[in-house]
Structures are given as C-alpha cells and as structure tokens.
Number of protein chains: 2
Amino acid sequence: MESSQDLIIPRGFRAAAVKSGIKPSGGLDLALLAADGPCAAAGTFTTNRVCAAPVRWCRDHLPADDIRAVVINAGNANAATGAQGAANVARTAQVAGYFLACRPGQILVASTGVIGHQLPMDRLEEGLSQVSNQLSADESSFQTAAQAILTTDTRAKVVSLQHQGESGTFTLFGMAKGAAMIGPRMATMLAFLLTDAPVWPNDLQPILSEAVENSFNCISVEGHTSTNDTVLILSSTAATEPVLRGDDLTAFAALVRSACEALARMMAADGEGSTHFITIDVEGCETREEARSIARAVADSPLVKTAIHGADPNWGRIVSAAGYAGVPFAEEELSLWINGVAVYQAGVPTDFHAPALAATLRANRDVDLRLLLSRGDARIRFWTCDLTAEYVRLNADYTT
Amino acid sequence: MESSQDLIIPRGFRAAAVKSGIKPSGGLDLALLAADGPCAAAGTFTTNRVCAAPVRWCRDHLPADDIRAVVINAGNANAATGAQGAANVARTAQVAGYFLACRPGQILVASTGVIGHQLPMDRLEEGLSQVSNQLSADESSFQTAAQAILTTDTRAKVVSLQHQGESGTFTLFGMAKGAAMIGPRMATMLAFLLTDAPVWPNDLQPILSEAVENSFNCISVEGHTSTNDTVLILSSTAATEPVLRGDDLTAFAALVRSACEALARMMAADGEGSTHFITIDVEGCETREEARSIARAVADSPLVKTAIHGADPNWGRIVSAAGYAGVPFAEEELSLWINGVAVYQAGVPTDFHAPALAATLRANRDVDLRLLLSRGDARIRFWTCDLTAEYVRLNADYTT
C-alpha cells in the first residue's frame with residue numbers, strides 16, 4: 001500500500017513551496033500545508049530544555065479542532081532566539097492567517113536549520129505572500145513541499161497509505177525531514193501527517209504519541225536531541241464527517257504507526273554521510289525501556305558506528321556498549337548476532353569466520369544486529385547508521 | 001613539581017617491559033611493575049557490565065596490604081572471553097608469582113587492546129620470564145613500561161610529583177594509557193600510581209576514589225565506557241614505616257589528585273585523531289551531578305565536536321546539547337562563553353563577531369567553553385577533544 005511514486009493526497013488539503021531567501025543557497029525553503037476547512041490536530045515535540053520558538057507556539061495551540069495550516073521553513077531553526085524569536089513566530093502566524101483568512105491561532109509553525117539566528121522576517125513575509133497564492137491539491141505540490149523542508153537530507157521523505165474500512169476509504173500522507181542531530185526522544189526532525197480520516201484530537205493525540213514512541217523515538221544518528229523536533233497530524237474531515245470508532249480507529253492507528261515507521265527508517269537511512277543502515281533488535285529484556293537503553297547505547301557509540309563503516313566485525317565494541325547502558329545484566333545473559341552470524345553466545349565468543357562476516361558487511365548497505373538477553377520478554381527495534389569521515393566533513397563546516 | 005623529563009621514581013619499585021608478541025605490530029606490549037616488598041594497594045574499575053577478566057581479578061584481590069607486582073599487557077583486552085579468560089588471568093598471576101617468588105594473589109593484572117580474543121598464553125608466559133629478569137629501578141625502565149602499555153596513544157603519559165612533609169619526603173609516580181573508548185565513569189584507560197608514602201589501604205582507597213572522580217571521570221573522548229578501565233595505586237612503605245596522618249595525609253591526597261588530573265588531561269589531549277583539546281566549565285548548577293550531566297552531554301555531542309574541529313563557532317549546538325542533558329533548567333538561566341567571548345547570555349544570543357571567534361578556534365589547539373547557569377553554586381571542569389575524519393579512519397579498521 002505504501003508508495004512514494006504515486007502519492008495519494010487526502011481530501012481537503014493543498015500544498016505549495018517557494019524560495020523565500022532564508023537558505024543562503026537560495027533553494028526551496030518555505031512550505032505551506034493548508035486545509036480547506038478547520039482540522040483536528042495533535043502534535044509531539046522535542047524534550048530538549050532549549051526548545052525552539054515554533055515548538056512553544058505549537059505546544060500552546062495543541063491539541064485543537066480548528067487548525068487551518070502549517071507553515072514550515074528550512075534554513076533557520078528560530079531556536080535559542082529569546083523573546084524576539086517568539087515574536088517572530090507570532091508574526092509568522094499572523095501573516096499566514098491574513099493570507100488564509102483565519103486567526104493566527106489556527107496556524108501551526110515549524111522551523112529547521114541553524115540555531116541562534118533571528119529569522120529574516122521581511123523575506124519570510126514576502127515568501128508567505130507568494131506561497132499562499134500557489135496552493136494546489138496536486139500531488140506535485142506536496143512533493144515540492146517535501147523538498148522545501150529539507151536541510152542536509154539527500155532526498156525527500158514521503159509516504160502515503162490508504163485503508164478501506166467499514167465507514168469508507170481513508171488516506172494518510174506523511175512527509176518528513178531529518179538526517180542529523182537525530183537523537184532518541186525525537187530528532188532534528190520534522191514530520192507532518194495529513195489525513196482525511198475523521199478522527200478527533202482526543203483520539204489523534206494518543207495514536208500519534210504511541211506511533212512516535214515506536215518510530216521516531218527508535219532512531220538515532222548521533223544522539224543529539226534537537227531543539228526543533230516536531231511531529232504534527234491534521235485531520236481534514238473530523239469536523240464534518242462521523243468520526244472513526246472501533247475497528248476503523250484501530251486500523252487508522254496502525255496506518256499512522258506504519259507511516260511514522262517508514263519515515264523514521266528513511267531518516268536513519270539518510271544519516272549524514274552514512275554508508276550503512278543499521279537495524280538493532282534487542283530482545284529478552286525485563287522492560288521495553290531496558291531494551292531501548294541498550295539499543296540506544298549501541299546505536300550512539302562512535303566506536304560501533306566506525307567499525308561497521310569499516311566493515312569490521314569488531315563485536316567487542318557492541319557488547320561493551322550494551323554493558324554501559326545502565327542495565328544490570330550479567331555477561332552470561334548476553335548473546336549477539338551480526339547479519340545472522342552468532343559471534344557471542346551466553347558470554348562466550350564463538351569461532352565464527354571473521355573474513356566471511358566482514359565480506360557481508362562490505363557488500364551490503366543493510367546491517368542487522370541482534371542482542372538477546374535472558375531477562376524477560378521485552379524487546380525493541382531501533383535504527384541508526386554508521387559514522388563516516390563524510391559526516392565529520394559535513395558537520396565541521398555548517399554555519400560558517 | 002611535575003616533570004616528565006626527569007622522572008623521580010619512588011623507593012621500593014622496579015619496572016621492565018618487553019615485546020612478547022601479543023601486539024601484531026611486534027612492539028612493546030608487556031610491562032611489569034614490581035615492588036621489593038609487600039605493598040598497600042587500592043583500585044577503581046570500570047562500571048561496564050561487560051568487564052574484563054583482569055578487572056574481576058583485581059576487584060577480588062583489593063584492597064590489600066601485600067601486593068607485590070602489576071602485570072600489564074597491551075594488544076589484547078581479555079574481555080568478553082568467558083571462563084577461559086578468567087583462567088588465563090589466574091595463570092598469568094601464577095606464572096608472574098613464580099618468577100617473583102610470591103603467591104598469585106599478590107599479583108595484579110591489567111589488560112588493554114582488542115575485545116573478545118583469548119590471550120596467547122604461550123607468548124605471554126615466555127614474556128613474563130623475560131620481563132621479570134629485566135627489572136630495574138632506573139627511570140628509563142619506567143619510561144619503557146609506560147610505552148609498553150599504549151595502544152593507539154600517540155605518546156606515553158607519565159607524571160611524577162614530590163612532597164616534603166613533616167614526616168619526610170615522599171614521591172608519587174604515575175603512568176597511564178588511553179586515547180579512545182574514553183567515556184565518563186572511567187575510560188579505556190589504565191593508570192598506575194606508585195608511591196613511597198606510607199599509606200594504608202583503608203586510606204588509599206578513599207583518596208584514590210575521590211581523585212578518580214575529579215579526573216578520569218571528568219574526561220570523555222567519545223563516551224564509550226570500556227570493559228577494562230583500571231586505576232591502581234601501590235604504596236611500597238606502608239608495611240615498614242609509620243603511616244601518614246593529618247596534614248601529611250591531606251598533602252598526599254592532593255598529590256594523588258594532581259597526578260590523576262595531569263594524566264586525565266594527557267588522555268583527553270591525546271584523543272584519537274584530535275586537533276583541539278577542549279576544557280568545559282559548567283557552573284551555577286544545583287548539584288555537581290547536574291553539572292557533570294551537562295558537561296558530559298556537551299563533551300559527547302558529535303555535532304559540538306565536529307563544529308570545534310571546523311573552527312566553527314556554532315554555539316547553538318552547545319546550548320542544545322546542554323538542553324538534552326536531563327537537567328530541568330529554563331533557557332533564561334543559561335549563558336555561554338567560547339574562548340572568553342560571550343555568545344549567549346541569559347537565553348538571548350549576543351552580537352559577537354563570529355569571524356574573530358572562528359579565528360581563535362583556528363589558531364589555538366586549546367578551546368574553553370564556559371556554561372553558566374543560575375541554579376546554585378555547584379560546578380565541574382571536564383575535558384574532551386574534537387571529532388575528526390582521522391578518528392573515523394583510525395576506528396573504522398582496528399581489528400581486521
């Protein structure tokens with residue numbers, strides 16, 4: 001059902017994007033997702049104590065049942081910008097509301113880019129004037145919007161899913177950005193989900209939170225939790241159609257989870273400079289949080305990530321990362337497989353054939369790590385990427 | 001009083017090192033530090049749940065008042081090696097005890113190198129035979145021993161300090177290794193402190209623990225806590241001379257702290273592939289642990305480390321790393337200086353001259369970050385290094 005070639009756009013939404021001049025490169029940097037009527041909406045946000053002005057704005061206005069649009073700019077995070085930053089978000093909502101004939105409080109805002117610089121409001125306001133005149137329900141408009149929210153991403157990240165339920169067919173479209181400053185508990189990532197399934201905010205919020213917990217909170221590029229992380233979901237029909245219940249609501253929740261997981265995997269796979277996409281399964285823990293702690297320690301270890309980059313089956317780095325995750329296991333409880341090859345079983349190294357395993361690491365972009373403990377039934381699946389010299393090069397010279 | 005040119009060696013110790021063939025390179029890889037009589041001894045060790053066999057051995061035998069020697073090998077960590085690994089440590093102590101005419105329980109053992117391979121015991125035993133015949137109290141023997149324990153370090157790390165107290169003059173010699181897999185709560189690091197100050201184990205242990213807390217636990221290269229971290233301290237005279245009390249004991253504790261701090265700074269400065277040595281002062285916290293959490297988050301952020309490598313005053317990465325450290329501060333409580341330049345004051349960016357600050361980052365190896373909060377009086381000083389493409393290159397191909 002997933003397709004990024006032929007996107008299906010839910011009823012009731014239009015999109016557009018322009019080059020407003022916020023990005024020094026002069027590329028697309030301002031996207032507008034607009035609804036034809038008031039939407040039910042919910043969101044989840046960064047846990048960083050230093051959080052961006054648009055994050056505060058969205059938190060203050062959600063959940064809601066009258067959202068009309070989302071303004072997204074790339075190139076400037078509007079984070080760590082003090083009172084001026086907050087004023088600039090309010091002004092953005094005011095100007096967008098003027099062009100869309102709604103109140104500022106019906107406009108959500110998200111930003112991504114460099115931290116600590118004030119937004120160039122003259123260019124942004126001019127951009128809002130242009131972008132609000134180009135709104136279209138065409139698939140290509142949504143593709144362009146998905147391009148406009150990227151920063152160091154190498155490709156756009158979109159997904160569309162459809163479900164035929166008892167109460168009719170509904171569609172979910174999602175787009176996201178994120179390739180670094182990706183930490184657990186959200187990332188430098190933005191994701192926007194639009195649906196024509198009629199779901200109220202009080203159903204949307206728990207469905208979104210649960211999906212985020214199992215998708216965007218299960219990826220890490222370098223463990224740096226951003227100031228701007230935002231996931232928003234809007235339903236265009238909640239105000240006008242009978243809301244989903246029962247099996248249809250369950251099916252909708254599964255659709256949201258699938259879309260979030262697909263977008264999260266795209267982010268980890270697009271990790272800056274990466275050459276390997278790594279799936280980490282941690283099983284046999286007492287609690288899911290134990291499993292998450294171990295997965296995160298492995299995913300964030302530069303020594304693990306560089307070893308995989310070098311196609312080096314240096315499994316000691318993986319078990320030692322698990323060992324400092326704060327989970328009080330005994331060595332004898334731990335086993336590890338790399339690409340299906342058992343390398344460490346119940347605390348003892350196996351005599352696996354290292355050159356053959358190294359060859360599979362060299363030949364394949366996808367790497368599977370499985371850590372099995374004997375403490376319980378809890379498990380998690382986590383995604384990350386390797387660490388390369390190209391990551392260092394990209395990040396050693398980003399603002400200047 | 002510190003000097004690495006003319007090392008002063010405490011009375012009662014001899015050292016030697018040989019090439020035993022454990023390192024594939026064929027370099028020095030086996031060091032022996034031996035005492036003329038029984039020593040008081042204490043140690044601190046890794047907190048990793050996957051800990052090396054020699055760490056378990058030392059934990060089982062310390063604190064003690066009859067230690068005679070420390071055997072240290074580089075090139076093989078003897079970690080994640082199961083029951084065979086434990087048997088190999090016991091055998092190492094037995095063989096060393098045979099050559100030094102003491103019980104196995106009087107021999108401490110430390111290892112560093114690749115994880116998950118069994119020690120080549122034939123070569124190690126032959127090496128012990130040779131190294132125990134070459135023991136000497138000459139300064140040059142200790143310099144050679146300090147070379148033999150290195151792995152990816154670019155230089156040996158030694159310190160010697162002397163204090164003239166009421167009860168006479170005493171000397172402290174320290175040597176260490178460590179350049180990566182350096183995480184807080186100890187590192188892939190080994191440090192050995194020898195003294196002729198008469199201090200009992202029950203005084204040595206708290207003095208050592210306190211010194212480690214403020215030195216080796218305040219550095220990070222990439223946050224990966226090793227399986228093998230070991231700090232040992234031996235006193236050669238505790239059995240034969242009146243033990244230190246009062247001011248002399250306080251002076252001795254200060255000496256241990258100074259030596260540990262000097263060695264810890266040498267490790268951070270020798271971080272693999274690094275081009276900058278970074279000192280992070282976090283002040284104005286409610287507790288020292290709060291300050292440590294923030295310092296550690298900043299020190300471990302690849303985005304902070306790559307920005308400094310690129311001489312890029314991208315301070316947003318620093319304040320956002322502080323923001324995800326788990327300390328519940330408000331943005332308005334946070335200020336940041338880079339190399340003495342105020343870049344963020346009470347939650348608001350300043351209009352500092354970025355090109356001038358970038359120039360200081362380019363011109364100097366040393367970088368000072370100061371984060372000031374307004375929550376209390378607790379503070380910490382933490383040391384780390386930048387992240388470079390050379391670090392990735394070094395770690396992408398270590399075992400194979």
Side-chain angles (χ1 to χ4, degrees), chain A residues 47-51 77 79-83 114-118 180-181 183 185 222-227 300-303 306-307 309-310 312-317 319-324 327-331 334 344 347-349 354 358 387-389 391-393 395-400, chain B residues 47-51 77 79-83 114-118 180-181 183 185 222-227 300-303 306-307 309-310 312-317 319-324 327-331 334 344 347-349 354 358 387-389 391-393 395-400:
Chain A
T47 56
N48 199 309
R49 300 298 302 183
V50 178
C51 80
T81 44
V114 65
I115 298 175
H117 293 230
Q118 299 297 348
M181 206 182 266
R185 296 190 294 271
E222 79 292 83
H224 195 115
T225 305
S226 157
T227 50
D300 284 348
S301 164
L303 287 170
T306 49
H309 175 50
D312 176 359
N314 192 341
W315 57 269
R317 295 181 179 180
V319 300
S320 62
Y324 65 72
V327 177
F329 66 85
E331 278 178 56
L334 179 63
Y344 185 66
V348 180
L387 173 61
T388 69
Y391 174 92
V392 175
R393 195 191 65 69
N395 283 293
D397 194 28
Y398 180 55
T399 57
T400 54
Chain B
T47 56
N48 199 308
R49 300 297 302 184
V50 178
C51 81
T81 45
V114 65
I115 298 175
H117 293 232
Q118 299 296 349
M181 208 183 266
R185 299 191 291 272
E222 79 293 83
H224 195 114
T225 304
S226 157
T227 50
D300 284 347
S301 164
L303 287 170
T306 49
H309 175 51
D312 176 0
N314 191 342
W315 57 268
R317 296 182 178 180
V319 301
S320 62
Y324 66 71
V327 176
F329 65 85
E331 279 179 55
L334 179 63
Y344 186 66
V348 180
L387 174 62
T388 69
Y391 174 93
V392 175
R393 196 191 63 72
N395 283 292
D397 195 27
Y398 181 54
T399 55
T400 54

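In the text below, chain A, chain B and the rest are named by the order of the sequence lines, each starting its count at 1.
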Among A/Ala330, A/Ala83, A/Pro349, A/Gly82, residue most engaged with chain B (heavy-atom pairs, under 4.5 Å): A/Pro349
Contact leader toward chain B among A/Gly116, A/Ala389, A/Ala80, A/Gly347, where contacts are heavy-atom pairs under 4.5 Å: A/Ala80
Partner set under side chain to side chain contact (heavy atoms under 4.5 Å, CB included) for B/Ala79, not counting sequence neighbours: B/Ala52, B/Ala77, B/Ile115, B/Thr227, B/Asn228
State, to 0.1 Å, how close [X] and [Y] come at their nearest heavy-atom pair, and which atoms those are.
X        : Y        : answer
A/Arg49  : B/Glu331 : O-CG, 3.7 Å
A/Leu387 : B/Val392 : O-CG1, 3.5 Å
A/Leu303 : B/Tyr391 : CD2-OH, 3.4 Å
A/Val50  : B/Leu334 : CG2-CD2, 4.4 Å

Portion of A/Phe329 that has a non-hydrogen atom of chain B nearer than 4.5 angstrom: both
Set of side-chain hydrogen bond (donor to acceptor under 3.5 Å, both in side chains) partners for A/Thr81, sequence neighbours left out: A/Asn78
